[in-house]
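As structure tokens, the structure follows; a few thoughts come after it.
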Number of protein chains: 2
Amino acid sequence: MKKIKAFLLEDQLCFAVYKAANQFTKLYRQVLEPFGLTYPQYLVLLALWEQDSLVVKQISEKLSLGIGTLNPILNKLVDKGWVTKETSSKDKRAVIISLTEKARATETLITEKLMEKMAHCDALTVIDGDLRAQLQNLNELLTQLNNMEVKDEYL
Amino acid sequence: MKKIKAFLLEDQLCFAVYKAANQFTKLYRQVLEPFGLTYPQYLVLLALWEQDSLVVKQISEKLSLGIGTLNPILNKLVDKGWVTKETSSKDKRAVIISLTEKARATETLITEKLMEKMAHCDALTVIDGDLRAQLQNLNELLTQLNNMEVKDEYL
DNA sequence: TCATTTTATATCGTATGCGATGTATATGTC
DNA sequence: GACATATACATCGCATACGATATAAAATGA
């Protein structure tokens with residue numbers, strides 16, 4: 001009596017994603033820890049290196065993280081001197097997050113160390129291309145699904 | 001001055017995986033919450049539905065979770081009456097986790113509810129096949145990388 | 001204008017997820 | 001059998017991640 005394939009642990013897409021996310025975090029920790037950074041904290045910096053001085057809401061959207069998750073991360077980045085927080089003068093509700101000199105100065109080094117680590121595994125690059133595109137599709141789908149849920153109740 | 005493509009937030013494989021994992025957890029919560037289950041708790045049940053009465057160590061390996069993460073989850077499952085814990089008679093260090101009657105009885109219902117939810121999104125099924133295989137490759141790679149790290153220091 | 005509603009953050013409680021450490025039990029070696 | 005080592009689990013501290021709630025400021029509208 002074999003069970004439905006889709007519901008065996010090893011065959012589940014969601015489980016594969018779950019495991020990959022955990023493994024990635026572990027891998028990145030090796031590089032980021034010496035800088036005193038965690039993976040989510042690094043993501044915030046990554047967003048700001050692309051475009052500095054974002055409002056919290058913009059970072060929240062870029063990373064798909066709620067304020068409840070993001071705010072503690074931002075506070076830690078402030079404490080550790082990576083970013084600053086200032087109220088927007090145009091909209092006093094909004095808070096602008098900006099990179100410090102330290103954060104700007106360290107971008108290259110962190111990026112190099114990460115590339116070094118990843119280079120140890122050429123296969124990662126090979127796999128990368130197609131998978132990335134598919135995952136982006138998946139993410140759009142999941143996001144839609146999650147946003148649809150409220151309406152869903154009324155069907 | 002465009003930056004290296006690989007290091008733009010949106011283009012990063014790890015970020016795509018990270019987001020997908022978060023979205024999946026949200027999606028599953030909708031189905032699992034009425035049962036009083038979280039996604040990791042459900043994963044434990046999934047493992048046990050495949051094969052009951054596993055030792056903690058075995059579950060830890062199946063889910064790629066350390067004892068520090070797994071133990072609190074198991075304790076909650078015990079508290080809520082989904083599984084039992086008993087010391088192995090053969091090896092008094094080992095703890096055997098077994099499904100309760102409630103857990104066995106609810107498997108079908110939970111599985112049905114999950115399939116219902118997923119069925120709302122046919123596209124998920126279409127994407128699934130290839131992506132799953134690729135993610136499994138990715139996971140093997142990442143796991144190897146993570147296990148290699150210790151030796152890595154001596155190169 | 002002024003009450004209502006929306007929006008941007010902040011805070012809180014619960015549940016992971018991890019590395020580090022502690023403890024009891026097996027195991028291997030002599 | 002004694003003892004060093006390895007293994008299985010437990011516990012702790014830190015850092016997310018989420019939903020729910022709170023608060024202040026902006027936008028809306030009668």
Side-chain angles (χ1 to χ4, degrees), chain A residues 18-30 32-44 54-61 63-80 82 85-97 146-147 149-150, chain B residues 18-30 32-44 54-61 63-80 82 85-97 146-147 149-150:
Chain A
Y18 169 82
K19 252 184 11 184
N22 288 344
Q23 298 290 343
F24 260 130
T25 307
K26 273 194 224 177
L27 192 56
Y28 271 71
R29 180 179 295 116
Q30 313 238 357
L32 296 175
E33 190 160 36
F35 294 100
L37 285 171
T38 65
Y39 181 63
Q41 289 166 12
Y42 162 73
L43 287 181
V44 171
L54 293 172
V55 165
V56 172
K57 174 77 175 173
Q58 292 176 295
I59 301 180
S60 164
E61 274 163 5
L63 304 189
S64 301
L65 292 177
I67 307 282
T69 302
L70 194 52
N71 204 39
I73 296 176
L74 292 174
N75 289 338
K76 265 165 203 134
L77 285 173
V78 171
D79 291 346
K80 291 188 279 193
W82 295 98
K85 264 181 153 179
E86 56 172 330
T87 310
S88 164
S89 56
K90 290 179 196 161
D91 184 342
K92 282 174 187 159
R93 293 169 305 177
V95 172
I96 301 169
I97 308 294
N146 275 322
N147 293 336
E149 297 311 330
V150 185
Chain B
Y18 169 82
K19 253 185 9 185
N22 288 343
Q23 299 289 343
F24 261 130
T25 306
K26 273 195 224 177
L27 192 56
Y28 271 70
R29 179 179 295 116
Q30 313 237 357
L32 296 175
E33 190 159 36
F35 294 100
L37 285 171
T38 65
Y39 181 63
Q41 289 166 13
Y42 162 72
L43 287 182
V44 172
L54 293 173
V55 164
V56 172
K57 175 75 176 175
Q58 291 176 297
I59 300 180
S60 165
E61 274 163 6
L63 305 188
S64 302
L65 292 176
I67 306 283
T69 301
L70 194 52
N71 204 39
I73 296 176
L74 291 175
N75 288 337
K76 265 165 204 134
L77 285 173
V78 171
D79 290 346
K80 290 189 279 192
W82 295 100
K85 263 181 154 179
E86 55 172 330
T87 309
S88 163
S89 55
K90 291 178 197 161
D91 184 341
K92 282 174 186 159
R93 294 169 304 178
V95 172
I96 301 169
I97 308 294
N146 275 322
N147 293 336
E149 296 311 330
V150 185

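Each chain gets a letter, A, B and so on, in the order the sequences are listed, and its residues count up from 1. Everything numeric in this text was worked out from a predicted model, so none of it was measured.
Within the 4.0 Å cut-off from OP1 or OP2 of dT16(D), at least one side-chain nitrogen or oxygen of Q41(A) is found. OP1 and OP2 of dT9(C) both lie 4.0 Å or more from every side-chain N or O belonging to N71(A). One finds no side-chain N or O of T38(A) lying less than 4.0 angstrom from the OP1 or OP2 phosphate oxygen of dC14(D). Proximity of K85(B) to the phosphate of dA8(D): no side-chain N or O atom is located under 4.0 Å from OP1 or OP2.
A ring-centre distance under 6.0 Å is found for Y18(B) and Y39(A).
At whole-Å resolution of the value, CD1 in I97(A) and C1' in dA8(C) are 12 Å apart. Taking atom CG on L32(B) and atom C1' on dC18(D), their separation rounds to 14 Å, with Å as the unit. Remark: C1' of dA8(C) and CD of E61(A) are 11 Å apart, rounded to the nearest angstrom. For the pair E86(B) CD and dA8(D) P, the computed distance is 18 Å after rounding to whole Å. Atoms CG (L54(A)) and P (dA8(C)) sit 14 Å apart, rounded to a whole Å. One atom, CG of L74(A), and another, C1' of dA17(D), lie 14 Å apart when rounded to the nearest Å. Straight-line distance from the NZ atom of K19(A) to the C1' atom of dT16(C): 18 Å, rounded to whole Å. Taking atom NZ of K76(A) as the reference point, atom C1' of dA17(D) lies 12 Å away to the nearest angstrom.
Considering only residues two or more places apart in sequence or on other chains, V95(B) meets the side chain to side chain contact (heavy atoms under 4.5 Å, CB included) condition with V56(B), K85(B), I97(B). In terms of the salt bridge (Lys or Arg N to Asp or Glu O under 4.0 Å) criterion, residue partners of K57(A) (sequence neighbours excluded) are, by chain and number, E61(A). Residues that satisfy the side chain to side chain contact (heavy atoms under 4.5 Å, CB included) test with T69(A), not counting sequence neighbours, are L65(A), I73(A).
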Would you tabulate the pairs of protein nitrogen or oxygen atoms and nucleotide nitrogen or oxygen atoms of nucleotides 22-28 of chain D closer than 3.5 angstrom?
from: dA26(D); atom 1: OP1; to: K92(A); atom 2: N; distance (Å): 3.0

Please write out each protein N/O paired with an N/O of nucleotides 17-21 of chain C under 3.5 Å, distance rounded to 0.1 Å.
from: dG17(C); atom 1: OP2; to: Y18(A); atom 2: OH; distance (Å): 2.4
from: dC18(C); atom 1: O3'; to: R29(A); atom 2: NH1; distance (Å): 3.0
from: dC18(C); atom 1: N4; to: G68(B); atom 2: O; distance (Å): 3.4

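Atom-to-atom distance recorded for N75(A):CG and D79(A):CG is 6.5 Å, nearest 0.5 angstrom. Taken to the nearest 0.5 Å, the OG atom of S64(A) stands 11.0 Å off from the CG atom of L70(A). A distance of 12.0 Å separates OG1 of T25(B) from CD of Q30(B), quoted to the nearest 0.5 Å. Atom-to-atom distance recorded for I96(B):CD1 and S89(B):OG is 6.5 Å, nearest 0.5 angstrom.
In this structure, of dT16(C), dC9(D), dA15(D), it is dC9(D) that holds the atom nearest to the side chain of V95(B).
Considering only heavy atoms from C-beta on, L77(B) comes within 4.5 Å of L37(B) through its side chain.
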